[in-house]
Amino acid sequence: MKRVGVRCDVGPSRGVGHVMRCLALAEEVRRRDVELVFVCDAHTVPWAAEQIAARGIAVHPAVWGPAEHVELVARLDALVFDSYDLDAAVYTAVRATGVPTLAIVDGDLRGAEADVLVDQNLAAELDHPPLPRDSIRLAGLPYVMIRDEILDHRPAAPPSDRRSAVPQVFAFFGGTDAFGAGPYVARALAATGLPFEATVVAPGADLAAKLAAVGLQSHQHLDVIGPTTELAARVREADLTISASGTSTWELLCLGATAGLVCVVDNQEMGYERAIDTGAAAGLGLLSVLQQDNSEAVPMLKRLLTDTAERGRLARAGWELVDGRGRERVADALLQLI
């Protein structure tokens, strides 16, 4: 049986986005009788560690230097990279061994070098970064990697308009909400003055306390929950889902969700702007702005809470953009290398 390693970032400040998309690829590769090992510090985010363990995948602690990676790949048939933090020398050293490599990137290659480079971001096919020698690049939404949990809940047909007397809102910002977006979004929701029933994910006690302290009107209701394994079901039940404009964006589109996006960090800005420009998601602005002033987000939230037709239009546009088969295409490219 072939053995593939997955070297990905994870941590309280880095979040779990790298792990989530790597798990999507892992689920597909395992269907093809390939053994996997994740190489990451999953223990730093227990929820991420649970997600990997639930799939029966072994975990090796993260390694960092070129020599450690060369030693690692001596026991592998291929290695997948998904990291913002590795030095360029790591990629060069691993590739020099002749072991096939695939790197998942987001626009800027950050020194990544591999036989196959995957940029699953919207309109990435329009970008033409200089490629390392003998590399191929798979770019754009046809290569978005979606997990089983999401695919199991993807509607078979485009979503229809949903009319709710009181809109149901679900908000989450990755496995750690590393930038503390939840309370600011909750305050903007409250500032609309409109009725809603919201559920917001708070991965830690501090965030939960801040959410509980948000002032609400009598016709507004907010529940705070911890990280959930039923994310897709929650999204499907909601009239509006609010999230960071990172990896989760493509999952929301695949699910046919009405997505309101917050750009929580600079490296999300291009993806945020492109998602808004397609008309498949609504923009609530930059978190750095929202933290100071929610006057940009409130009018958009008012529209999303009251305009049933607009919510339906956004949901259908997203559903059509992401077909859920990207991981099959990426797995094909990876296994052709072995």
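Hydrogens, waters and symmetry mates play no part in the numbers below; they use all other heavy atoms, side chains included.
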Visitor: For the residue pair Arg95 and Pro132, establish whether any side-chain heavy-atom pair is separated by less than 4.5 Å.
Guide: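 Side-chain contact under 4.5 Å: yes.
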Visitor: Return the OG1 to CG distance between Thr258 and Leu305, rounded to the nearest 0.5 Å.
Guide: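 Separation between the atoms: 11.0 Å.
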Visitor: Pro66 and side chain to side chain contact (heavy atoms under 4.5 Å, CB included): which partner among Val94, Thr92, Val90, Leu86?
Guide: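 Considering Val94, Thr92, Val90, Leu86, a side chain to side chain contact (heavy atoms under 4.5 Å, CB included) with Pro66 is found only for Val90.
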Visitor: With a 4.5 Å cut-off on side-chain heavy atoms, are Leu117 and Leu131 touching?
Guide: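 Yes, at least one pair of side-chain atoms sits under 4.5 Å.
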Visitor: Output yes when a side-chain donor or acceptor of Arg274 lies under 3.5 Å from a complementary backbone atom of Leu122, and no otherwise.
Guide: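 Indeed, once roles are kept as given, a pair shorter than 3.5 Å links the two residues.
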Visitor: Do any N or O atoms from the side chain of Tyr272 and from the backbone of Gly285 form a donor-acceptor pair under 3.5 angstrom?
Guide: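 Side chain of Tyr272 to backbone of Gly285, a donor-acceptor pair under 3.5 Å: yes, one is there.
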Visitor: Is there a path of hydrophobic side-chain contacts, each under 4.5 Å between heavy atoms of I/L/V/M/F/W/Y residues, joining Leu301 to Ile276?
Guide: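 No; tracing contacts between hydrophobic side chains, which count when under 4.5 Å, never links both residues.
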Visitor: Can you check whether Arg327 reaches Glu27 side chain to side chain, under 4.5 Å on heavy atoms?
Guide: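 Result yes, sub-4.5 Å side-chain heavy-atom pair found.
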Visitor: Near Asp266 CG, under 6.0 Å, is it more than 12 heavy atoms from other residues, nucleotides or ligands?
Guide: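 For Asp266, atom CG is not crowded (no more than 12 foreign heavy atoms under 6.0 Å).
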Visitor: So Leu304 and Met300, do their side chains get closer than 4.5 Å, heavy atoms only?
Guide: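 Yes - at least one pair of side-chain heavy atoms lies under 4.5 Å apart.
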Visitor: When you measure from the side chain of Ser83 to the backbone N and O of Asp9, does any donor-acceptor pair fall under 3.5 Å?
Guide: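 It does not hold such a pair.
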Visitor: Using side-chain heavy atoms (C-beta onward) and a distance below 4.5 Å, is Phe172 in contact with Ile242?
Guide: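 Side-chain contact under 4.5 Å: no.
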Visitor: Same hydrophobic cluster for Ile57 and Ile146, using side-chain heavy-atom links shorter than 4.5 Å among ILVMFWY?
Guide: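 No, no single cluster joins them.
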Visitor: Could you grab the distance from atom CG of Leu222 to atom CD of Glu197, nearest 0.5 Å is fine?
Guide: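 So the gap between those two atoms works out to 11.0 Å.
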Visitor: Which atom names give the shortest non-hydrogen contact between Val16 and Gly175, and what distance separates them?
Guide: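 Shortest heavy-atom contact: CG2-N, 3.4 Å.
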Visitor: Tell me whether Val224 is reachable from Phe173 by hopping between hydrophobic residues (I, L, V, M, F, W, Y) whose side-chain heavy atoms are closer than 4.5 Å.
Guide: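 Result: yes, single cluster for both.
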Visitor: So, for Leu151 and Cys254, which heavy atoms are closest and what is the spacing to 0.1 Å?
Guide: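 For Leu151 and Cys254, the tightest heavy-atom pair comes out as CD2-SG, 4.2 Å.
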Visitor: Can you find a heavy atom in the side chain of Leu216 that is under 4.5 Å from one in the side chain of His221?
Guide: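 Heavy-atom side-chain distance check fails, nothing below 4.5 Å.
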Visitor: Would you say Asn294's side chain and Val298's backbone share a donor-acceptor pair under 3.5 angstrom?
Guide: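 No.
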Visitor: Just by distance, do the side chain of Ser243 and the backbone of Leu261 share a donor-acceptor pair under 3.5 Å?
Guide: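 Side chain of Ser243 to backbone of Leu261: no pair is present.
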Visitor: Does Glu68 reach the main-chain N or O of Val63 with its side chain, forming a donor-acceptor pair under 3.5 Å?
Guide: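 Side chain of Glu68 to backbone of Val63: no pair is present.
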Visitor: If you measure from OG1 on Thr192 to CZ on Arg187, what distance do you get to the nearest 0.5 Å?
Guide: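 Answer for the OG1-CZ pair, Thr192 versus Arg187, is 15.0 Å.
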Visitor: Are Arg110 and Asp87 within salt-bridge range, i.e. N to O under 4.0 Å?
Guide: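 A salt bridge is absent here (no side-chain N lies under 4.0 Å from a carboxylate O).
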Visitor: Just how far is it from atom CG of Asp177 to atom CG of Leu207, taken to the nearest 0.5 Å?
Guide: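 Those atoms lie 5.0 Å apart.
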Visitor: Applying salt bridge (charged side-chain N to carboxylate O under 4.0 Å, His left out) to Arg14 and Asp85, what does each step give before you reach the verdict?
Guide: CA-CA 10 Å; Arg14 181 57 76 194; Asp85 298 331; 2.6 Å; yes
Visitor: So, Asp239 and Ser164: side-chain donor and acceptor under 3.5 Å apart, yes or no?
Guide: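 The criterion, which ignores hydrogens and geometry beyond distance, is satisfied for Ser164 and Asp239.
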Visitor: Report the C-alpha distance between Arg31 and Asp33 in whole Å, list the side-chain angles of each, state the deciding distance to 0.1 Å, and finish with yes or no for salt bridge (charged side-chain N to carboxylate O under 4.0 Å, His left out).
Guide: CA-CA 6 Å; Arg31 287 193 173 92; Asp33 295 323; over 6 Å; no
Visitor: Can a side-chain donor-acceptor contact be found between Asp293 and Ser295 if the only test is distance below 3.5 angstrom?
Guide: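 Yes, side-chain donor-acceptor contact under 3.5 Å.
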Visitor: In terms of heavy-atom contacts, does CZ of Arg303 have more than 12 from other residues, nucleotides or ligands at under 6.0 Å?
Guide: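 Check fails, neighbour count at 12 or below.
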Visitor: Is it true that the side chains of Tyr84 and Asp106 contain a donor and an acceptor less than 3.5 Å apart?
Guide: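 Looking only at side-chain atoms, Asp106 and Tyr84 do form a donor-acceptor pair, the distance falling under 3.5 Å.
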Visitor: Under the side chain to side chain contact (heavy atoms under 4.5 Å, CB included) criterion, do Val34 and Arg3 qualify, and how do the steps go?
Guide: CA-CA 6 Å; Val34 174; Arg3 193 165 189 252; over 6 Å; no
Visitor: Please lay out, stage by stage, how Trp250 and Asn121 fare under the test side chain to side chain contact (heavy atoms under 4.5 Å, CB included).
Guide: CA-CA 8 Å; Trp250 318 128; Asn121 290 290; 3.7 Å; yes
Visitor: State whether the side chain of Gln220 and the backbone N or O of Leu194 hold a donor-acceptor pair below 3.5 Å, judged by distance alone.
Guide: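 The answer is yes, because a donor-acceptor pair under 3.5 Å joins these two groups.
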Visitor: Are Ile104 and Ile52 connected into the same hydrophobic cluster when the rule is that any two of I, L, V, M, F, W, Y join if their side-chain heavy atoms are below 4.5 Å apart?
Guide: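 Both belong to a single hydrophobic cluster.
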Visitor: Please test Leu334 against Val80 for side chain to side chain contact (heavy atoms under 4.5 Å, CB included), starting from the C-alpha separation and ending with a verdict.
Guide: CA-CA 9 Å; Leu334 172 63; Val80 174; 4.0 Å; yes
Visitor: I'd like to know if the side chain of Asp115 reaches the main chain of Thr101, judged simply by a donor and an acceptor atom lying under 3.5 Å from each other, with no hydrogens or angles considered.
Guide: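 Between the backbone of Thr101 and the side chain of Asp115 there is a qualifying donor-acceptor contact (under 3.5 Å).
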Visitor: Does this structure show an ion pair linking Arg21 with Asp82, if we count only N-O contacts that are shorter than 4.0 Å?
Guide: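 Yes.
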Visitor: Return the CG to CG distance between Asp77 and Leu337, rounded to the nearest 0.5 Å.
Guide: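 Nearest 0.5 Å value for the CG-CG distance: 11.5 Å.
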Visitor: So, are Glu35 and Lys2 salt-bridged, with charged N and O less than 4.0 Å apart?
Guide: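 Judged by the 4.0 Å cut-off on N to carboxylate O distance, Glu35 and Lys2 do not form a salt bridge.
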Visitor: Assess the side chains of Thr308 and Asp161: does a donor N or O sit below 3.5 Å from an acceptor N or O?
Guide: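 Per modelled atom types, Thr308 and Asp161 side chains form no pair under 3.5 Å.
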Visitor: Report the distance from atom CD of Gln268 to atom OG1 of Thr249, rounding to the nearest 0.5 Å.
Guide: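 Going from the CD atom of Gln268 to the OG1 atom of Thr249 covers 7.0 Å.
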Visitor: Would you say the side-chain atoms of Arg316 pair up with the backbone N or O of Pro159, donor to acceptor, closer than 3.5 Å?
Guide: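 Such a contact is found between Arg316 side chain and Pro159 backbone.
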Visitor: Taking C-beta and beyond as the side chain, do Trp64 and Arg7 meet within less than 4.5 Å on heavy atoms?
Guide: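 They are in side-chain contact.
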Visitor: Evaluate the criterion salt bridge (charged side-chain N to carboxylate O under 4.0 Å, His left out) for residue pair Asp307 and Arg311; output intermediate values, then yes/no.
Guide: CA-CA 6 Å; Asp307 192 336; Arg311 293 201 302 262; over 6 Å; no
Visitor: Run the salt-bridge test on Arg234 and Glu237 with the 4.0 Å N-O cut-off and return the result as yes or no.
Guide: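 No, Arg234 and Glu237 are not salt-bridged.
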Visitor: Pairs in or reaching into residues 329-338: which pass side chain to side chain donor-acceptor pair (under 3.5 Å), with residues at least two apart or in two chains?
Guide: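 Qualifying pairs, neighbours excluded: Arg32-Asp332, Asp323-Arg329.
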Visitor: Is there a side chain to side chain contact (heavy atoms under 4.5 Å, CB included) between Leu231 and Glu149 once you walk through the steps?
Guide: CA-CA 8 Å; Leu231 183 137; Glu149 177 195 354; 3.7 Å; yes
Visitor: Please check: side-chain N/O of His60 versus main-chain N/O of Gly5, any donor-acceptor pairing under 3.5 Å?
Guide: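 Looks like no, no N/O pair under 3.5 Å.
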Visitor: So do Val39 and Val6 actually touch side chain to side chain, heavy atoms under 4.5 Å?
Guide: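 When only atoms from C-beta onward are counted, Val39 and Val6 do not touch, as no gap falls below 4.5 Å.
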Visitor: For the ring pair His69 and Tyr91, is the centre-to-centre distance below 6.0 Å?
Guide: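 For His69 and Tyr91, the ring centres are not under 6.0 Å apart.
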Visitor: Are Val37 and Val4 connected into the same hydrophobic cluster when the rule is that any two of I, L, V, M, F, W, Y join if their side-chain heavy atoms are below 4.5 Å apart?
Guide: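 They do not share one cluster, since no chain of ILVMFWY contacts under 4.5 Å joins Val4 to Val37.
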